[in-house]
Structure formats: structure tokens, C-alpha cells
There are 2 protein chains.
Amino acid sequence: MLDCKREFHDSEEGVRTAMPENDTTAPGADATPGSSATPGAGAATPAVTREALAQAALRVLEREGLAGLSMRKVAAEVGVKAASLYWHVRNKQELLDLLNDAIMGSAEPPPREGGWREQFHAYCWRYRRLLLDNRDAAKVVAGRLAPGPNLLGLMEDQLDRLRAAGLSDADAAMASYLLGAFVQGFVLQEQSPISAAEVLGGSRREIAVAAGDLFRALPAEDFPNLVDLADDLTAPDMDARFEFCVQRILDGLAALLPPDRR
Amino acid sequence: MLDCKREFHDSEEGVRTAMPENDTTAPGADATPGSSATPGAGAATPAVTREALAQAALRVLEREGLAGLSMRKVAAEVGVKAASLYWHVRNKQELLDLLNDAIMGSAEPPPREGGWREQFHAYCWRYRRLLLDNRDAAKVVAGRLAPGPNLLGLMEDQLDRLRAAGLSDADAAMASYLLGAFVQGFVLQEQSPISAAEVLGGSRREIAVAAGDLFRALPAEDFPNLVDLADDLTAPDMDARFEFCVQRILDGLAALLPPDRR
DNA sequence: CATGGCTGCCTAACACTGTTAGGGGTTGGT
DNA sequence: ACCAACCCCTAACAGTGTTAGGCAGCCATG
């Protein structure tokens with residue numbers, strides 16, 4: 001009776017994250033967590049829903065970054081004290097799961113035109129763009145697989161195209177996984193600061209130059225290739241680098257198809 | 001005078017992380033904590049070096065995971081109080097950089113035999129194995145590019161082979177980057193818990209089954225592909241999945257080479 | 001030998017974090 | 001009017017990274 005509240009906030013557990021459950025990003029006063037369905041609902045103005053929490057977390061993330069995203073700040077963002085969040089959310093990790101899918105919410109699949117190669121290409125770029133545009137999105141997404149309604153929708157669409165391209169079921173599933181893993185890894189690397197050069201809080205280009213100097217300053221007898229390739233290794237054009245990688249993966253996938261379908 | 005200590009702990013800044021500086025993996029039993037080090041020992045016996053710190057951090061990481069790795073615990077591991085660490089290290093991030101390269105220290109490049117494809121293949125697998133064998137290594141490595149002596153050595157060797165395979169300078173640099181980004185992303189995904197299934201603290205296989213059930217339970221009219229490919233999407237054999245991805249990348253790289261060098 | 005400066009550690013403290021216990025209103029249903 | 005559920009609150013706990021300032025030994029110099 002004491003902690004009956006922690007028991008369950010809504011009807012089912014496993015299905016909730018899976019069900020699309022019409023998520024209107026609209027600030028409508030409806031759609032309290034899941035309890036709206038349960039008869040005998042009490043409160044008049046919920047004021048804070050799981051949707052609202054996710055959006056608030058998104059704003060805090062944009063403003064303060066992942067390291068600065070605390071329960072107290074998210075609570076303040078929705079006009080509430082920290083402890084109250086635990087009514088709607090089991091712990092911070094669950095809030096991050098909501099945030100996770102909220103980030104995916106702003107993604108939209110590329111137009112369904114052109115060959116599979118163009119479409120897969122566009123998918124990679126859009127996903128990267130999504131991760132780059134939302135602050136610390138890569139860190140939030142990485143290390144947590146939160147199959148919320150938004151992510152599920154994207155996967156569904158993606159798989160549909162891969163199968164239409166002629167990939168087998170297993171290959172389509174693998175390819176989808178490959179895309180996700182690679183893009184996440186790439187953006188994570190791309191955004192990761194270089195330890196040696198962090199002292200100078202310079203721009204991306206400046207620290208690339210600094211990294212180049214670092215490589216060039218190595219003893220040439222021990223690291224001939226690093227010294228030699230310093231420029232190539234620290235080329236600051238990340239778009240070109242990404243494009244290269246994507247093309248490699250596309251070529252690799254193309255090799256799975258019969259020659260007439262590439 | 002007050003904080004003169006924070007000025008510099010050692011000679012040069014930028015070069016330190018770059019120089020190999022013979023790293024002994026610490027001679028056995030001495031490093032054990034306890035108050036034995038404190039009495040009578042002055043400045044003569046340092047008792048805690050950056051190397052020792054890195055090794056201690058590695059042990060704490062193995063025992064408690066990244067989330068449980070705190071300055072106080074690492075300090076206790078070397079028999080010292082937390083504040084003392086800031087004499088040797090600027091902040092926690094710098095300790096993590098040391099840890100980063102310490103993890104890389106246990107990597108050894110694959111034998112230099114077979115074609116470039118076998119060697120690149122082995123590189124991918126060894127890197128993944130390294131990240132899997134050291135607890136939370138993927139999380140430590142991701143989001144931080146710490147070009148310590150160990151990582152530099154690996155890059156050097158890797159680039160050497162890629163160039164020997166016939167890749168252009170730019171392509172070799174890109175390919176090396178691709179390898180790192182992909183493997184990190186893959187292992188990160190591989191190890192990331194699934195939000196919906198975390199309640200059951202089951203094994204990898206169990207949560208894969210649970211994820212499969214989750215996909216199968218989706219409304220078939222909205223997610224026909226997810227329902228259909230549930231088995232393929234949740235196939236628990238991560239080795240096979242990794243192998244697939246690596247082969248795609250290898251194929252993609254092979255397309256860069258003239259047909260006679262593939 | 002004495003003096004100071006440097007090294008390496010210490011204790012205390014600050015502002016913060018996630019999380020829990022328990023209490024108090026407001027609401028709707030009976 | 002009562003009850004139960006809902007939603008939020010205050011207070012507190014243990015733990016975090018980090019800094020200020022102090023204190024004991026070692027070095028080299030006067």
C-alpha cells in the first residue's frame with residue numbers, strides 16, 4: 001500500500017513501448033499516460049504526461065547537453081519538482097528511453113524514388129543528419145536500443161525497401177542493422193573530441209589541424225605511415241568521409257544482388 | 001603559488017600522449033594498496049604513477065563497470081584518497097583517456113599473413129573481441145578519441161597493410177576510419193540493452209527471444225515486415241551478424257582495387 | 001647545517017546527482 | 001460522506017567530480 005504507486009502506471013508493460021498508440025505531439029490535454037483508459041481516473045489537469053516529459057527532456061538536452069540533463073532540470077522544465085517525475089517514469093533510464101524515441105520522432109524516411117541504392121544512401125545521410133542536428137543525439141541513441149513507435153516505423157519502412165530491392169529476408173535484416181550500427185558509430189567518432197587537442201577549444205577545423213600537427217610530429221622511423229598520411233587522416237571534411245564509407249557499404253550490399261538488380 | 005601545481009606535471013603536453021614511452025604493465029605485487037605506502041615515504045617513492053592509475057582504473061572498470069568507476073574508487077585502488085588523483089590527472093576525463101589507451105594496450109595486431117582481405121578481416125574481429133572482452137570497453141572508447149601510444153601503434157600497422165594492399169593514401173586513411181567507426185558502433189549496439197526487455201535480466205538469448213515476441217506481437221497490418229522478419233531481426237547469433245557486416249565492408253573496399261589485386 | 005621550494009598526499013567542503021520515504025491535497029465514484 | 005486513486009510536494013540519503021588549503025618529507029642551494 002505504501003508504494004503501490006510504483007507498481008504500474010499503466011496497463012501493460014511490454015506492449016506499451018511497442019504499440020504505436022497514436023502519438024500526437026500536440027499539447028492536447030488528453031492522453032494521460034495509459035491510465036486514461038482505466039475507469040475511475042482521478043486527476044483533473046495532469047499537466048505532465050509522458051509525451052510532455054519527452055519533449056521537455058528534448059529541450060533540456062538541446063540546451064544543456066546530455067551531461068547536463070538531470071532529473072531536476074527536466075522536472076523544472078515541465079514546472080514540477082524532481083521527485084514527481086518518478087510518478088510517470090520508473091527511473092532516469094526510462095526517461096532516456098522516451099527521449100530516445102522522441103529524437104527518432106523528427107526523422108522522416110526519404111522519398112520513395114530512385115533505385116534501392118539511392119534510397120539506402122539517402123537513409124544513411126538522413127540518419128546522420130538527424131544525429132548531428134539534435135545535440136548529443138548520438139550519445140543518447142548509442143548504448144540503448146529503445147524500440148519505440150517512431151523507431152519501429154522507420155525500421156518497417158527500411159525493411160520494406162530492402163526487400164523490394166531483392167535482398168533476402170536475412171540479408172535485409174542484417175543490412176538494416178548494419179546501417180544503424182555504422183551511422184551511429186560514425187557520428188559518435190565524428191563528434192568525439194580528441195583528447196590531446198581538447199585544451200584548445202577550437203572549431204572542428206582547428207582541432208583537425210592540431211591533430212595533423214600531432215601526427216606529423218611523430219618520430220618518422222617509428223610511425224612512417226602516420227607521418228606520411230597525416231593530411232589524409234585528419235582531413236576535416238566529414239561529409240566526404242561519410243560518403244566514402246557509405247559507398248563502400250553500398251558496394252558491399254550490391255555484391256549480394258544478382259548483377260541485373262544492382 | 002597557490003595552484004602552481006596545476007601548471008604542469010611533466011615536461012611537454014602535446015607530445016606526451018603521442019610518445020610511446022615504454023609502458024610496462026606494472027611489475028606484480030607492489031601496486032597493492034593499503035597504508036603501507038604512506039608512512040615514511042616521501043617524494044622519493046611516487047607510489048602512484050600515471051601508468052599505475054591507468055591499470056587501477058582498468059581493474060575498477062572490470063569490477064564495477066563504467067558507471068561505477070569513480071575517482072574515489074580508483075583512488076582507493078591505488079591506496080590513496082580521491083583528491084590526490086588530481087595531482088596526476090587534470091580531471092576524470094583525462095583519467096578516462098589513460099584508461100582508453102590502456103584498453104588498447106592489450107590489443108595485438110593479427111599475423112601478417114594472407115591477403116589484405118584476411119588481414120583486414122582479422123583486424124575487425126580482433127578489435128571487436130577486444131571491446132567485448134574488456135567490460136564496458138566500447139563505452140569507454142566511444143565518444144573519445146585518445147591517440148595514446150597504443151592506439152597510434154595499431155593505426156600505424158593498419159595503415160601500412162592497407163597501403164600495401166594497393167589502396168591509395170586517401171582510401172587507406174578512410175578505410176582505417178571506417179573500420180574503427182563500424183566496429184565500435186556494432187559492439188555498442190550489440191551490448192546495448194533493449195529497453196522493453198530490460199525488466200527480465202535474462203541472458204542475451206532470452207532477451208532476443210523476448211524481442212522476437214515483441215516484433216511478432218505488432219499489428220500485422222501496420223508492420224508487416226517487422227512481423228514477418230521477426231526471426232531474422234532478432235537472431236541472437238551476433239558473430240554471424242558481425243561477419244555479414246564485415247564481409248559487406250570488405251566487398252566494398254575490394255571494389256576500390258583493380259581486379260587483379262582483389 | 002639551516003632554509004626554502006617542490007612533491008605528493010591529506011582533510012573538508014561545495015554543489016550537484018539519482019532515488020526513496022512519506023505526506024498532503026484534489027478529484028471522482030459510490 | 002467516505003474511499004481510493006492520482007499527482008505533486010518536502011526532506012533526506014548516499015554518492016559524484018572538483019577545489020582550497022595544509023602538512024610531511026625530500027631536494028638543492030645559501
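Below, chains carry the letters A, B, ... as their sequence lines are ordered, and counting in each starts from 1.
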Task: Closest listed nucleotide, where the reference is the side chain of B/Val80 and the choices are C/dT20, C/dC9, C/dG8 - done: C/dC9
Open item on the list: Which nucleotide wins on minimum distance to the side chain of B/Lys92, given the candidates D/dG17, C/dT11, D/dA11?
Closed with: D/dG17
Task: Listed partners of A/Gln189 passing side-chain hydrogen bond (donor to acceptor under 3.5 Å, both in side chains), at least two apart - done: none
Open item on the list: Tell me every residue that passes side-chain hydrogen bond (donor to acceptor under 3.5 Å, both in side chains) with B/Tyr177, counting only those two or more places apart in sequence or in another chain.
Closed with: none
Task: Distance below 4.0 Å between A/Trp87 side-chain N/O and D/dC7 OP1 or OP2 - done: yes
Task: Selected nucleotide, minimal atom distance to A/Ala82 side chain, candidates C/dT19, C/dC9, D/dC6 - done: C/dT19
Open item on the list: It should be established whether B/His88 places a side-chain nitrogen or oxygen under 4.0 Å from OP1 or OP2 of nucleotide C/dT7.
Closed with: no
Open item on the list: Can you list, in residue-number order, the parts of residues 60-72 of chain B that come under 4.0 Å of DNA chain D, counting heavy atoms only?
Closed with: B/Leu69, B/Ser70, B/Met71, B/Arg72
TODO: Name the closest nucleotide to the A/Tyr86 side chain, picking from C/dC9, C/dT19, C/dA12.
DONE: C/dT19
Open item on the list: List the residues meeting side-chain hydrogen bond (donor to acceptor under 3.5 Å, both in side chains) with B/Asp133, not counting sequence neighbours, and say none if there are none.
Closed with: none
- [ ] List in chain and number order the residues that pass side-chain contact (heavy atoms from CB on, under 4.5 Å) with B/Ala107, two or more places apart in sequence or in another chain; answer none if no residue qualifies.
- [x] B/Leu130, B/Leu154
Open item on the list: Check the phosphate of D/dC7 against A/Ser84, side-chain N and O only, distance under 4.0 Å to OP1 or OP2. Yes or no?
Closed with: no
Task: Residues that A/Gln191 engages under side-chain hydrogen bond (donor to acceptor under 3.5 Å, both in side chains), provided they are two or more places apart - done: none
Open item on the list: Rounding to an integer number of Å, can you tell me how far B/Arg90 CZ sits from D/dT19 C1'?
Closed with: 15 Å
Task: Check: B/Phe186 ring centroid to B/Tyr127 ring centroid under 6.0 Å - done: no
Open item on the list: Given D/dT18, D/dT19, D/dA11, identify the nucleotide with an atom nearest to the side chain of B/Ala83.
Closed with: D/dT19
TODO: Any pair with a residue in residues 58-72 of chain A that passes salt bridge (Lys or Arg N to Asp or Glu O under 4.0 Å), sequence neighbours left out, goes on the list, sorted by first then second residue, please.
DONE: A/Arg59-A/Glu77, A/Arg63-A/Glu77, A/Glu64-A/Lys73
- [ ] For B/Lys81 and C/dA13, give me the distance from atom NZ to atom P, rounded to whole Å.
- [x] 15 Å
Open item on the list: Using five base pairs at each end to define the local axes, how bent is the helix from C/dC1-D/dG30 to C/dT30-D/dA1, to the nearest 10°?
Closed with: 20°
Task: Residue pairs passing the salt bridge (Lys or Arg N to Asp or Glu O under 4.0 Å) test where at least one lies in residues 181-191 of chain B, sequence neighbours excluded - done: B/Arg128-B/Glu190
TODO: Work out which heavy atom in A/Met71 is nearest to a heavy atom in A/Leu85; give both atom names and the distance.
DONE: O-CD1, 3.4 Å
Task: Nucleotide D/dG17, atom P - distance to CD of B/Gln93 in whole Å - done: 12 Å
